[in-house]
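Scroll down for the structure; my scribbles are underneath it.
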Amino acid sequence: MLHIHNSLTKQKELFTSIVPGKVKLYVCGMTVYDFCHVGHARVMVVFDVVTRYLKASGYEVNYIRNITDIDDKIIARANERNETIQKLTERFVSEMHQDADALGALRPDAEPKATESIAVMLVMIETLISKGLAYNAVNGDVYFDVSEFPNYGKLSGRNIEELRAGERVAVNEAKNDPMDFVLWKAAKPGEPAWESPWGKGRPGWHIECSAMSAHCLGEHFDIHGGGMDLQFPHHENEIAQSEGAHGCQSVNYWMHNGFVRIDDEKMSKSLGNFFTVREVLKQYQAEVVRYFILTSQYRSPLNYSDEQLEQAKNSLTKFYSALRDAKADESIIWQNNEEYGSRFKAAMDDDFNTALALSVMADVRQALNKVSEQGDLEQQGYLAGLLHSFGDVLGLFQQDTEAFFDSIKGDDVEIIKALIAARNKARDDKDWAKADQVRDELKAKGVVLEDAAGKTSWRRK
RNA sequence: GGCUGCGUGGCAGAGUGGUCAUGCAGCGGAUUGCAAAUCCGUUAACGCCGGUUCGAUUCCGACCGCAGCCUCCA
């Protein structure tokens, strides 16, 4: 039985979908004005695993992840670059897809864009005004009236008084209350704008998610995810908008993933301490990055460092080594395995505990190595198939093993093969000095050899 | 200042009121021409101080330290 930590109640709760057998999932996606960094990679990978596991558990999943393609930063960046907003955002949408695909994140079922959803937002804002939850201010903006929504703060555990006390933003004179937030921004000269009942303008950030989630999934859906930093104010405001407009609970389970950190500090665009996915992928294979992300439970902080990535690489390499010479039985389904399958299920059912799930897989790997050593081909095929079946849930072992070992750019494979052949000739001649010399030469090229009975295999270090 | 959360062995990271996490690294052995990989064995931890308990790393309280949110951020 799947249990999910619900940010709304701060507890692990038994997961029950609204419609039996179906899960409606919405995740806050990227604002597209720059390359994705490792923090974004974590969101993509975490919710990819969530959808994969829900599917493996028998659910039909409708996974929506939005794209924010209009906001202050996008406008600023486009101006800086002397590029149209559309060109800029289209470019980074495509870059984002490239990163997500590389990381093995399956595409969401839909990726609605803010600029293509203005109409549904306008309808929602009008509803909020007609219900007395929003007002058109003197400056032309439309604000949500926080004082009219009694549950404000229920997600982030705050109350309006505390927030006012900690208020750090310059007070906007047009607002009735500093905590009110903008639904519609009146157009400023030179900015992109859409027609609305309140004059030309553009949407505030929060309204897009309320409008698009309801539009794609309905007013009441199962899971809403995103990074921890979105909990307040973004998701708090979404709740106010959605529940205010629709008069019903909008989301049953809120899931928030922890941050990626560097030197114990949050990786973020504003701190400038981020690595883009693109940069990291030059150094490490995508599955290594994915493995690294899955080594910790999704709510824990994840420290980014070369040492961590190296560890992930070593661990993943061991899995591929174990799989290398085994002929996996593709028909194996992990759910049918009592010994390991039940442990894997228990781990994943416990709020997607991928770290624990990986430890179960490490046990399978060891068992696989043992039967390989014993030459038990049937068990070997079974356990390799089992490992692949687990891997499919986590999005690991998706590559051909030889491709994995050869995937870091380096010398031509033919040269390596020729050297190995030369060394094996020397070994046959018991010319150990020559054999070792060739091996050292290969080692200098970053190629590690493994002699097995009658066969020498190699991998790049 | 307010509100969240965290503190586990050299590193990473699960978990538990009283016998095993796991991975990487280390050490000993098997294997190997020597290695590598693999297998077997093995060392080592639960921030600090109190309390509850027969017994606490695990529950409760204080303290210290760290992080996040309160402003754009996944």
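Everything quoted here is computed from the prediction, not taken from an experiment. Letters A, B, ... are given to chains in the order of the sequence lines, protein chains preceding strands, and every chain is numbered from 1.
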Consider the side chain of [X], meaning its heavy atoms from C-beta on, and name the nucleotide among [options] that approaches it most closely.
X        : options             : result
A/Val260 : B/G13, B/A21, B/A74 : B/A74
A/Lys269 : B/A74, B/U38, B/C72 : B/A74
A/Ser270 : B/G23, B/C72, B/A74 : B/C72
A/Asp229 : B/C39, B/G13, B/C73 : B/C73
A/Gln308 : B/C69, B/C11, B/C34 : B/C11
A/Ser315 : B/G23, B/A74, B/C34 : B/G23
A/Phe232 : B/C69, B/C72, B/A21 : B/C69
A/Asp436 : B/C24, B/C72, B/G33 : B/G33
A/Glu450 : B/G5, B/G23, B/A36  : B/A36
A/Arg423 : B/U22, B/G23, B/C34 : B/C34

Is any side-chain heavy atom of A/Leu25 closer than 4.5 Å to one of A/Asp222?
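No - every pair of side-chain heavy atoms lies 4.5 Å or more apart.
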
A/Cys28 vs A/His235 side-chain heavy atoms within contact, under 4.5 Å:
yes

Nucleotide forming a Watson-Crick or wobble pair with [N], both distances under 3.5 Å:
N     : result
B/C54 : B/G18
B/A25 : none
B/A35 : none
B/C48 : none
B/C66 : B/G5

Parallel, tilted or perpendicular for A/His206 and A/Phe181, by the 30°/60° rule?
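Ring orientation, 0 to 90° scale: perpendicular.
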
Select base, sugar-phosphate, or nothing to describe what [X] touches, counting heavy atoms under 4.0 Å on all strands.
X        : answer
A/Met267 : base
A/Thr295 : sugar-phosphate
A/Leu356 : base
A/Asn353 : sugar-phosphate
A/Gln366 : sugar-phosphate
A/Lys318 : sugar-phosphate
A/Gly226 : sugar-phosphate
A/Arg427 : base
A/Ser372 : nothing
A/Asn257 : base
A/His37  : base
A/Lys266 : base
A/Arg158 : base
A/Gly225 : nothing

P gap between B/G9 and B/A21, integer Å:
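Per the computed distance, 14 Å lies between those P atoms.
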
P gap between B/U38 and B/C48, integer Å:
36 Å

Is the terminal nitrogen or CZ of A/Arg324 (NZ for Lys, CZ for Arg) located under 6.0 angstrom from the six-membered ring centre of A/Phe405 and within 45° of that ring's axis?
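The answer is yes; both the distance and angle limits are met.
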
Determine whether the aromatic ring centres of A/Trp334 and A/Tyr340 lie less than 6.0 Å apart.
no

Test of ring centre spacing under 6.0 Å for A/Phe92 and A/Tyr33
no

Quick check: on RNA chain B, is the nucleotide nearest A/Ala433 upstream (toward 5') of the one nearest A/Lys10, or the reverse? Name the residue that is more 5'.
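Taking each residue's closest nucleotide, the earlier one in sequence belongs to A/Lys10.
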
Between A/Gln231 and A/Arg439, name the one whose nearest nucleotide on RNA chain B is closer to the 5' end.
A/Gln231

Any luck finding a side-chain donor-acceptor pair between A/His37 and A/Thr276 under 3.5 Å?
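Their side chains do not contain a donor-acceptor pair, so the 3.5 Å distance test is not met.
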
Just by modelled atom types, is the A/Gly104 backbone N or O under 3.5 Å from a matching donor or acceptor in the A/Arg290 side chain?
yes

Whole-Å gap separating P (B/U22) and CZ (A/Phe319)
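My rounded result for the distance is 13 Å.
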
Figure out the CD/C1' separation between A/Glu307 and B/G23, and round it to whole Å.
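In whole Å, B/G23 C1' lies 13 Å from A/Glu307 CD.
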
